[in-house]
Each structure stands twice: as C-alpha cells, then as structure tokens.
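Structure record follows, encoded as structure tokens.
Values below: all heavy atoms of this structure, side chains included; hydrogens, waters and symmetry mates excluded.
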Amino acid sequence: MRIAIIGSGNIGKSLGTWLSKLGHEVIFSANNQQHAEEAANQAGKNARAANSITAVMDAEMILLAIPYSAVKEVLPQIKSPLKGKILIDVTNPLSEDYSSLKLGTTTSAAEEIAKMLPGTFVVKAFNTVFAQVYASQNPRINDRAISVFYAGDDEQARKKTADLITQMGFDAVDCGPLKSARNLEPMALMNIMLGYGLKNGTSIGFSFLR
C-alpha cells in the first residue's frame with residue numbers, strides 16, 4: 001500500500017519507518033522539505049519524500065501526524081486531493097504544556113478535522129501510543145500486545161485501518177463512530193500523565209482485555 005505521512009516529527013518518522021519495513025511504500029511530507037527527506041532516508045528503500053499535494057495524490061492512505069495547532073494551516077493545502085481517501089488522524093489537541101486538552105466533551109480534534117474535509121474518510125487511530133513504542137517496532141509488553149484504538153464513521157475505512165494496526169502486531173480495538181475520538185484523545189492525555197507525570201516512562205501502553 002502507498003501511505004503518505006504528513007509530518008516528520010517523532011510519531012510520523014517512527015510510524016513511517018515501521019510501515020516501510022513492513023513493505024509499504026511510504027511518502028513523507030513536511031513543511032520543511034529537508035526534514036521529510038531525512039525521514040525518508042531513515043525509513044529505507046521503500047520511502048521517499050514529496051510535497052504535500054504530490055504525497056496525498058500518490059497515496060492510498062494518509063496519516064496525519066502533525067501538531068493539532070498546525071491543522072488549520074496544513075489541511076487547506078491538501079483538501080482537494082484528500083477527497084475519497086482515508087485520512088488517519090494521529091493528532092491530539094494538547095495544550096502548550098501538555099497538561100490538558102484544548103477540545104473535549106462535545107467535539108474532538110478528529111471531528112473538527114472531518115468537518116474541514118468533506119468527502120474524506122477520517123479515522124482516529126495511533127494517538128494513544130508513545131512515539132518511542134513505534135520507534136522500537138515492538139508492539140508487545142510482557143508478551144501482551146498493546147491495544148491501538150480506532151474510530152471512524154465509514155466501515156471500510158475502519159477495516160483498512162484495523163488491518164494496518166494488526167499487521168504491525170498491535171491489538172486493534174474498534175471504538176465505533178468518529179465521535180468516540182472524544183474518549184480516545186483524553187486517553188492520550190492520560191498516557192502522557194502516566195508516562196511523564198508519574199514517571200512510568202514511555203515503554204508503556206494500554207491493553208483492552210476482553
């Protein structure tokens with residue numbers, strides 16, 4: 001599958017490198033072209049860099065891995081080629097000091113992004129796991145798979161996202177419609193509190209027991 005990674009920060013680089021290793025063709029895009037090229041070089045032979053419009057046009061699936069504060073600047077540039085495609089929203093609407101969320105209760109970052117992109121199949125996923133876990137390319141802790149929660153309004157988009165999550169070795173947990181992102185984004189904040197605030201480190205993750 002051809003996957004565009006919008007953003008070359010820790011999350012974007014780590015996910016892109018892992019997906020490239022799994023055999024996907026990964027296209028990195030970032031405001032700083034040099035950063036995108038560096039991420040592509042790190043990811044290996046299946047990766048390349050491109051501008052955002054080219055990356056989205058060439059991709060079958062897009063991962064949005066930028067700060068939520070940059071969404072209103074970035075998305076209008078790629079709104080048209082995103083129509084009809086799956087956009088996995090990895091963002092979290094965190095405050096500047098990472099102590100709270102800027103959105104919640106009645107909406108979420110994912111829902112606000114979906115409003116900006118009519119005709120795009122937005123799925124929330126990959127936002128409750130630390131970048132360090134993705135960088136390690138190890139989806140398990142104490143022999144138990146970390147759960148990656150996902151939510152979206154389109155069933156086929158959710159299924160394709162679940163397939164990607166499972167291929168990486170994570171436990172894919174279907175959380176239903178996109179409005180469930182109102183619960184998933186606070187989970188990311190709790191993950192930060194557990195990892196940094198309570199000093200459990202970043203080699204942690206949630207596990208949903210059935």
Side-chain angles (χ1 to χ4, degrees), residues 1-16 19 26-31 36 51-96 98 100-129 131 134 148-162 164-165 172-189 191-192:
M1 185 187 303
R2 288 190 304 277
I3 301 173
I5 308 286
I6 307 299
S8 59
N10 291 334
I11 290 280
K13 283 192 297 186
S14 299
L15 280 170
L19 293 169
V26 176
I27 312 165
F28 285 96
S29 175
N31 283 338
N51 64 56
S52 59
I53 294 176
T54 299
V56 171
M57 289 181 66
D58 288 352
E60 301 165 65
M61 179 180 283
I62 298 90
L63 269 68
L64 185 67
I66 60 176
Y68 181 69
S69 58
V71 161
K72 290 183 179 180
E73 175 187 353
V74 172
L75 289 189
Q77 303 172 31
I78 54 177
K79 180 177 180 179
S80 180
L82 274 172
K83 284 186 177 179
K85 298 195 175 186
I86 298 170
L87 176 76
I88 299 179
D89 169 32
V90 192
T91 72
N92 286 305
L94 298 166
S95 63
E96 286 71 13
Y98 294 85
S100 62
L101 296 176
K102 293 182 177 181
L103 296 172
T105 307
T106 59
T107 190
S108 63
E111 289 170 281
E112 294 305 306
I113 287 169
K115 290 176 186 176
M116 296 175 64
L117 300 172
T120 300
F121 304 113
V122 177
V123 180
K124 190 77 185 186
F126 295 111
N127 71 303
T128 60
V129 178
Y134 296 135
V148 170
F149 304 88
Y150 63 97
D153 291 333
D154 183 83
E155 185 175 350
Q156 283 301 311
R158 287 207 315 274
K159 183 182 184 302
K160 289 183 178 181
T161 302
L164 196 66
I165 294 167
V173 180
D174 189 349
C175 296
L178 193 62
K179 68 179 182 181
S180 293
R182 301 174 193 181
N183 301 318
L184 299 185
E185 290 167 11
M187 283 184 70
L189 184 63
N191 197 41
I192 291 170

Crowding at CE, Met57 (>12 non-hydrogen neighbours, <6.0 Å): no
Test log, rule side-chain contact (heavy atoms from CB on, under 4.5 Å), inputs Leu164 and Ile3: CA-CA 11 Å; Leu164 196 66; Ile3 301 173; 4.0 Å; yes
Side chain Ser52, main chain Ser29, donor-acceptor under 3.5 Å: no
Intermediate values then yes/no, salt bridge (charged side-chain N to carboxylate O under 4.0 Å, His left out), Glu111 and Lys124: CA-CA 9 Å; Glu111 289 170 281; Lys124 190 77 185 186; over 6 Å; no
Student check: side-chain heavy atoms of Pro118 and Lys79 closer than 4.5 Å: yes
Other residues, nucleotides, ligands: >12 heavy atoms within 6.0 Å of Lys160 NZ: no
Heavy-atom pair of closest approach, residues Phe28 and Gly16: CZ-CA, 3.7 Å
Heavy-atom pair of closest approach, residues Phe121 and Gly84: CE1-O, 3.6 Å
Val173 side chain near Val148 side chain, heavy-atom distance below 4.5 Å: no
Shortest non-hydrogen contact from Met116 toward Val71: SD-CG1, 3.9 Å
Backbone of Pro177 reached by a side-chain donor or acceptor of Asp153 within 3.5 Å: no
Note: Glu112-Lys115 ion pair, threshold 4.0 Å (strictly below): yes
Heavy-atom closest contact (Ala131 atom, Asn10 atom, distance): CB-CB, 3.7 Å
Atom pair CG (Asn92) and OH (Tyr98), whose distance is rounded to the nearest 0.5 Å: 10.0 Å
Side-chain (Asp174) to main-chain (Ala151) donor-acceptor, under 3.5 angstrom: no
Expected output: side-chain Arg158 to main-chain Gly152 donor-acceptor under 3.5 Å: yes
Side-chain donor/acceptor of Thr91 to backbone N/O of Ile66, under 3.5 Å: no
Gap between atom CG of Leu189 and atom CG of Leu101 - 0.5 Å precision: 4.5 Å
Nearest atoms (heavy-atom pairs only) where Val123 meets Ala157: CG2-CB, 3.7 Å
Nearest-0.5 Å distance that lies between atom CG in Leu63 and atom CD1 in Ile5: 4.5 Å
Test: Lys102 and Glu185 ion pair at under 4.0 Å: no
Ile113 side, atom CD1; Leu64 side, atom CG - distance, nearest 0.5 Å: 5.0 Å
Note, Ile192 side chain near Leu94 side chain (heavy atom, < 4.5 Å): yes
Ser180 side-chain N/O to Gly176 backbone N/O, donor-acceptor pair under 3.5 Å: no
Side-chain donor or acceptor of Tyr134 paired with backbone N/O of Phe126 under 3.5 Å: yes
Evaluation steps, side-chain contact (heavy atoms from CB on, under 4.5 Å), between Asn183 and Cys175: CA-CA 9 Å; Asn183 301 318; Cys175 296; over 6 Å; no
Contact summary for Ala59 and Ile27, nearest pair of heavy atoms: N-CD1, 4.4 Å
Rounded distance [0.5 Å steps], CD1 in Ile88 versus CD1 in Ile6: 12.5 Å
Main-chain N/O of Lys85 paired to Thr120 side chain as donor or acceptor, under 3.5 Å: no
Donor-acceptor under 3.5 Å (Arg2 side chain, Asp58 main chain): yes
CD on Glu60 to CD1 on Ile62, rounded to 0.5 Å: 9.5 Å
